[in-house]
Each structure stands twice: as C-alpha cells, then as structure tokens.
Amino acid sequence: MMTRLLTTLLLLLLTMTVQAETTITSPDGRLVVTIGDEGGRLTYSVSYDGRTVLLPSALGLTTDIGDFTRGLTYKACRESRIDRTYTMTRTKASTVHYVAQQTELTYTNADGLPLTVTFCVSDNDIAYRYTLQPKADGSRLSAIVRGEASAFRLPEGTTTFLCPQSLPMVGWQRTKPSYEEEYKADAPMTDHSAFGEGFTFPCLFKIPQTSNLSPQTSHFWLLVSETGVDGGYVASHLSDYDADKGYTIAFPNKDEMQGMGSPWAGLSLPASTPWRTITVGTTLKPIVETTIAYDVVEPRYEATQPYKAGRYTWSWLVWQDESINYDDQVRMVDTAAAMGYEYVLVDNWWDTRIGRDGIVRLADYARRKGVSLLLWYNSNGYWNDAPQGPRNRMNTAQARNSEMAWLQKTGIKGIKVDFFGSDKQQMMQLYEDILADANRYGLQVVFHGCTLPRGWERMYPNFVASEAALASENVFFNEHHAKREGFELTMHPFARNAVAALDWGGVMMNHHMSRDNRSRHERHTTDIFEMATAIVLQTSVNCVALYPNNLTELPAFELDFLRQLPTTWDEVQYIDGYPTQYVVLARRTAGRWYVGGLNGTGQPLTLTLSLPMLAGKTVRYYTDLPQKKGKAQPALKTLKIGKNGQTKVTMQPLGGLILTE
C-alpha cells in the first residue's frame, strides 16, 4: 500500500513538473512573462499591468541535430538578477543602468539533447534567446539552425506600423533587400506585406482598449525587434500574420546574394542565437527611450582610438554624381570649415573622378581647414550589379587591409560602405569583418543600402550608424517622397531610430532639390522642421546638407543654430507624438536640454507640452509663423515655460519647433 502511494505521489510530482508554468516578473512588478511547456511544446505569454499583451506564443528551434519545437522535457531553472551600469557614446543615452530579472530554462528534446531558453525581463523590456550545447559524447560540435518557432501572437484588433521586407535581387542594380521600403500606418494585422516577404525589424504594434482598462490607458504599444546579430547568425525579420501562429521569426530568402550562401544559420557549439526583444508600454515613452538593443550585448573589441562625433557636409545629396570632382569638394570643405563642422563625405566615383592623388591633395587641404574626409565605398562582390566605384576594395580581407592602410596614411577618418542587399549569415560576417578591420586602422564606419544594425553601436565601438530606411536621397529623387518626408520622419523615432542609430542623410536646407535652388521640385517641409530633425533623429555623426549658397541665403539665426548643433546625447525623453503624424522629444547633452518637434501632417497642430526639465525657464523658441501665400516663415522667439513645466505651442503644416536653454 505504501509503495503504491509513493508511486502515485511521484507520478503526480512529475506531472506537475512537466506542466508547471514559470513566471518572470519585472523589477517594478508590472511586466510579467509566463513560460509553459504543456504537451512538450514551449510557449510564452506577456502581460502588463495585469492585461495580456502577447497571447501564448511558440518558442523553439529546428536544427540538423534535433527538433527543439516539440517533445521537450523540463530539466532545470536558474534565476538571477542583473544590475549593471554601462556607458556609450554612439546612442540615445551616455549612461545606462540596466536592472532585470534573468531566468534560464533548460529542456531536453526527444533525443535527450538540451536547449536553454534565457529570458531577461526589465521594467518595460523583454529579451530572450536560445543556447545549444554539443552532444554529451562530443560527437557534434556544430549545428545548422533551419528555422525558429519563435512567435508573437497579439490580441485581436491590434493594428500595425510596419515596413515590408523586399523581394531579393530587385531594385537599383539588384541591390535589395536594403530596408528601404515604405511604412504603412494603423493597418490591421490581416494586411499582407507588400511583397509577400513579411516585415523588417523593428515592428510596432498598437494593442486596443479592453473593457477593463482605465480611461488613462486606452491602448498598449509593443515594439518587436532583435539584437546581438553578428557573423555567427542570420539577420531575421517577421513573417506575414497567421491567425493561428501570429507573426513568426523568418530567415532570409534563399535567393538573396544571387542564391549564393545559405538562408540558414551555422553555429559552432556551444552557441547562443541573437536576442529577440519586446518593448511594452501604455504610452510611447518606453518605445522611444528603450535601450534593450544595447542592454543584453557586450563590446566585441576595444577601440584603437577615440572616435570623434560630429557633423558632415555631403555634396552628392543635391549636387549628385556631377559634384564628385576636386573643385566641388573643395567648396564642400570650405562650407564645412565655415560652419565649424568636422567632416566632408566624398561619395561614389571618387576613385575615377578625383583619383587617389586628388584625394591625397583634398585631404591635405581639408586638414589645413580643420576638416577631415569620409570616403564612400561599394561593398562589391557577386551580390549586386552596382557599378559605382571604388569597387572590389571591401569584399576581401587582403583588399580591405591594403585599402585601409592607404586611408589611414592619407588621414581619412571614416568610410561609408554601400549596397549589401542580404541578411544571410555570410553578409553578416562581411559587416563584422569590415568593422573589425576598420578599427585596426582608426576608421569609423557608416553603412548604406544595408540591414538594420542590431546592437552594433555597443558591440563595435567604431560603428556610427546605418541607413536602413527610405532616406533623404529619395526626397531628391522624386516629389512623391518629398511629400512623404513628414510621414516618414515622424515614424522613425517610434521604430527604426528607437532601436539603432539612423543615418537619415541630411538636414536639408535647400528649398528646391537642385544646385541652383530654384529648379526641380520643392522641399515640402519648413526650415524649422529640417533643423528639428537633427534633435529628433539620433546619430553621432550627422549630415547637415548645407551648400555654399545656403551660407548667404539662410537667416543668420538658422546658421547660428546649425553651427552649434550637438550630435551626442546623455539622455532622451519622450514628450508627445503619434507615429507618422507628429513627434516631440527632449534630448540632454552637457547639462543642456534641446526639445525638437516635427509635424508630419498638412494641418497646423497645437499642443500643450509637459517639460519639467525646463520649468520656469525662458528658452529660445525656433518656430514657423503661420503660412502666407503657401509659405511658412521661420522665426526665433523667446518662450517662458510655466512653473509647472507646461507650455502651449503650435507647429505649422510639415513644420517643426525647437526649444533650447
């Protein structure tokens, strides 16, 4: 009788262990993740303030050494607390205090092979990843990950702010995907992606009101992305929505890079996948201010020297290819020097249109003016047909090291590398190799025509920013994108720029997209809008697309502001906004606050702002006067902020505002 009772109790305990749920709670108690393993399949769900924001969603991997999506048995749980402070110079905050609850759950599959799922849960952020170990007998020290079950099931009625992943080998000289597609705002989840390839990270969702929400909380916001991607894995994106599964992690299209390379991820065991990240809030504040992309990654190497932040001029944006000649670049150096800017970017074709001897002379001229050069390169290789030179200098180690030694000798301070067009692991390795080699030669790096950077500002100290957006060149190319500039730039603070530095490519001060500033189509935004983008959008080496004509055409107060424009920040605070409509952010640097606002709509927008950091102060107020004859005129005023920190402001159609101490 006693034996039978003990057996029954043992079976009951085993059943409870298999079916038990693991709960992880954020330090403030508001964000809760629940992991279950019912039926041998892993799921997780997320609640915030007691309301479900993510329904039970699948976890797991499919690999060549075993299936880790089903038949899983719970083995162990290890809990710990993370409490660390770190510093950065390339992102939205210079000092970050990261506090999170970490839980590592280990399961074995039907073959007895272990899988560990690690969750880090902080007050508004979740990061999770998988870790695979070698077989116990040491017979397998590598694995191929063929897919992830990782899913995101959102409540019914959720709307989306998403950018579609491109088809491979299309676009300019077959250079896509390059993360340069158009966002769609407030769309239902059932809307399929434009090209059937799913959606690029980051992905923003608005979860609707439920009957038990307070009047102050009409909805939740949720941002999904990934971080920690390097040459050891593929870069991923989200699939189209499936009513049963939700959104799932999707790997690169096999036809990227002309079909060369694998769409799967190869791992040397033991190894961990990149982190999947989720940011949750009842407002957009946690979305804008999140640092989760950097919180869970570590620097991969030490900087060989301090890399200098700053501003650069760029002839190509408006003057285009014809400006890549020695005389025009001298004019851009003179413009940068007149503004006190640190850099000039010399774009494509410099190797044939200026020549290496010409670049040496230009670099010497710039140096005497207190300015340094940045040079453009084609990523090259077999993955696209882009003809611009220099070509075949960044795609192999031998060519890179020879080229970078010359760059260092010439005094070049950085490179912009373009036209990548794939998220396969082989391309991720190229990004990492370029960065590592450039660091040895004291070069900082910007990427264009490229993937989203995923924690790279912290991982690689010489990484500056990436484009990975439908950027400023498109405002030049056609009026459709010129008219959509307000829409795009009021989207990026809540998605693209929320997770990584963005090289948008220009505070554009020409009123027309032409060298003479009179022909071709107009810029539809106001001067104050353009100036405010330098505060709203974050990158540590920022393009101010000034031309010699601007130095005499623009009001003195605009030039004065642009001369002292900061590019590094200690802190960011979300003030107000709605994706694709308007945004107001405050950034602090060296003890001084800058508030920048953008109105992305065609109507005036009056707001009451809460600015406790400026309470009771009289500030400089850059604004647009009401339109006359279809034109808004810029103005510099003073504004007294109320003792309660509140003030009322109006932004004109496609206009902006700037407040500074």
Side-chain angles (χ1 to χ4, degrees), residues 88-94 307-318 332-333 335-347 370-376 413-416 444-448 453 456-457 462-469 471-473 475 485 488-489 492-493 496-498 500-510 525 527-547 550 554 558-572 583 585-590 592 594-598 622 656 658 660:
M88 296 184 293
T89 61
R90 297 287 189 182
T91 67
K92 64 181 76 174
S94 61
Y307 290 105
K308 189 176 182 180
R311 294 73 46 92
Y312 68 91
T313 60
W314 181 31
S315 72
W316 186 88
L317 179 60
V318 174
M332 298 310 293
V333 169
T335 301
M339 295 297 294
Y341 290 174
E342 293 78 6
Y343 303 110
V344 168
L345 170 61
V346 185
D347 217 272
V371 177
S372 299
L373 300 186
L374 313 172
L375 296 185
W376 183 98
K413 298 302 182 183
I415 56 175
K416 169 184 168 183
Q444 49 191 339
V445 182
V446 171
F447 293 122
H448 269 227
W456 293 356
E457 298 93 321
N462 58 321
F463 173 73
V464 175
S466 290
E467 184 184 34
S472 61
E473 62 190 22
V475 175
E485 184 185 355
E488 294 288 341
L489 295 195
H492 293 320
R496 167 66 183 84
N497 205 197
L502 168 62
D503 189 47
W504 156 255
V507 178
M508 295 179 287
M509 301 308 293
N510 260 25
T525 57
D527 284 9
I528 304 301
F529 179 105
E530 290 296 321
M531 292 158 58
T533 65
I535 299 169
V536 171
L537 302 182
Q538 180 270 320
T539 180
S540 61
V541 181
N542 200 6
C543 174
V544 184
L546 285 172
Y547 295 89
N550 298 139
L554 295 178
E558 291 187 9
L559 291 172
D560 288 343
F561 174 82
L562 293 171
R563 282 191 181 95
Q564 56 81 50
L565 184 69
T567 64
T568 56
W569 306 101
D570 297 314
E571 179 184 357
V572 60
V583 60
L585 304 184
R587 296 191 192 270
R588 177 177 57 84
T589 184
R592 183 180 180 186
Y594 290 75
V595 178
L598 306 177
Y622 298 81
I658 300 168
T660 66

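Computed from a predicted model, the values in this text were never measured in an experiment.
Heavy-atom minimum distance, Ser472 versus Leu317: OG-CD1, 3.5 Å. Across Val536 and Arg587, no two heavy atoms sit closer than the pair O-NH2, 2.8 Å. The shortest non-hydrogen separation linking Arg496 to Ser466 is NH2-O, 2.8 Å. The minimum heavy-atom distance linking Thr660 with Ile658 is given by the pair CG2-CG2, 3.7 Å. When every heavy atom of Leu562 is checked against every heavy atom of Tyr341, the shortest pair comes out as O-OH, 2.8 Å. Of all heavy-atom pairs spanning Ala532 and Gly596, the tightest one is CB-CA, 4.5 Å.
Here the side chain of Thr335 pairs no donor or acceptor atom with the backbone of Tyr547 at under 3.5 angstrom. Without hydrogens or angle criteria, Glu530 side chain to Met509 main chain gives no donor-acceptor distance under 3.5 Å. Side-chain atoms of Tyr343 never come within 3.5 Å of backbone atoms of Lys413 as a donor-acceptor pair (strictly under, hydrogens ignored).
Val595 places none of its side-chain heavy atoms less than 4.5 Å from the side chain of Ile535. Using a 4.5 Å heavy-atom cutoff, the side chains of Trp504 and Glu485 are in contact. Within the 4.5 Å cutoff, the side chain of Leu585 has heavy atoms near those of the Pro493 side chain. Between Val445 and Ile415, some side-chain heavy-atom pair lies under the 4.5 Å cut-off. Counting heavy atoms from C-beta outward, Val544 and Leu565 have side chains that approach closer than 4.5 Å.
Note that the OH atom of Tyr307 and the CG atom of Asn462 stand 4.5 Å from one another [nearest 0.5 Å]. Note: Asn497 CG to Thr539 OG1 = 8.0 Å, rounded to the nearest 0.5 Å. Asp503 contributes atom CG, which lies 7.5 Å from atom CG of Asn542 (distance to the nearest 0.5 angstrom). If you take CE on Met508 and CG on Leu546, they are separated by 12.0 Å, rounding to the nearest 0.5 Å.
Residues satisfying the salt bridge (Lys or Arg N to Asp or Glu O under 4.0 Å) test with Arg563, not counting sequence neighbours, are Asp560. With sequence neighbours left out, the ring pair (Phe, Tyr, Trp, His ring centres under 6.0 Å) criterion links Trp316 to Trp314. Residues passing the salt bridge (Lys or Arg N to Asp or Glu O under 4.0 Å) test with Arg311, sequence neighbours excluded: Glu342.
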Original post:
Can you check side-chain contact (heavy atoms from CB on, under 4.5 Å) on Leu537 and Leu489, steps first, answer last?
Top reply: CA-CA 8 Å; Leu537 302 182; Leu489 295 195; 3.9 Å; yes
**OP:** Check the pair Leu374 / Lys416 against side-chain contact (heavy atoms from CB on, under 4.5 Å), numbers first and verdict last.
**Re:** CA-CA 7 Å; Leu374 313 172; Lys416 169 184 168 183; over 6 Å; no
Original post:
What do the steps show when you test Leu598 against Thr533 for side-chain contact (heavy atoms from CB on, under 4.5 Å), and what is the final call?
Top reply: CA-CA 7 Å; Leu598 306 177; Thr533 65; 4.0 Å; yes
**OP:** Begin with the C-alpha distance, continue with both residues' side-chain angles, and end with the deciding distance and a verdict on side-chain contact (heavy atoms from CB on, under 4.5 Å) for Val344 and Leu373.
**Re:** CA-CA 5 Å; Val344 168; Leu373 300 186; 4.2 Å; yes
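A perpendicular orientation is assigned to the rings of Trp569 and Tyr594, their planes being inclined by more than 60° (bins at 30° and 60°).
Between Ser540 and the choices Glu457, Arg90, Lys308, the side-chain hydrogen bond (donor to acceptor under 3.5 Å, both in side chains) rule is met once, by Arg90. With Ser94 as the fixed residue, the side-chain hydrogen bond (donor to acceptor under 3.5 Å, both in side chains) test singles out one of Thr89, Asp570, Thr589: Asp570.
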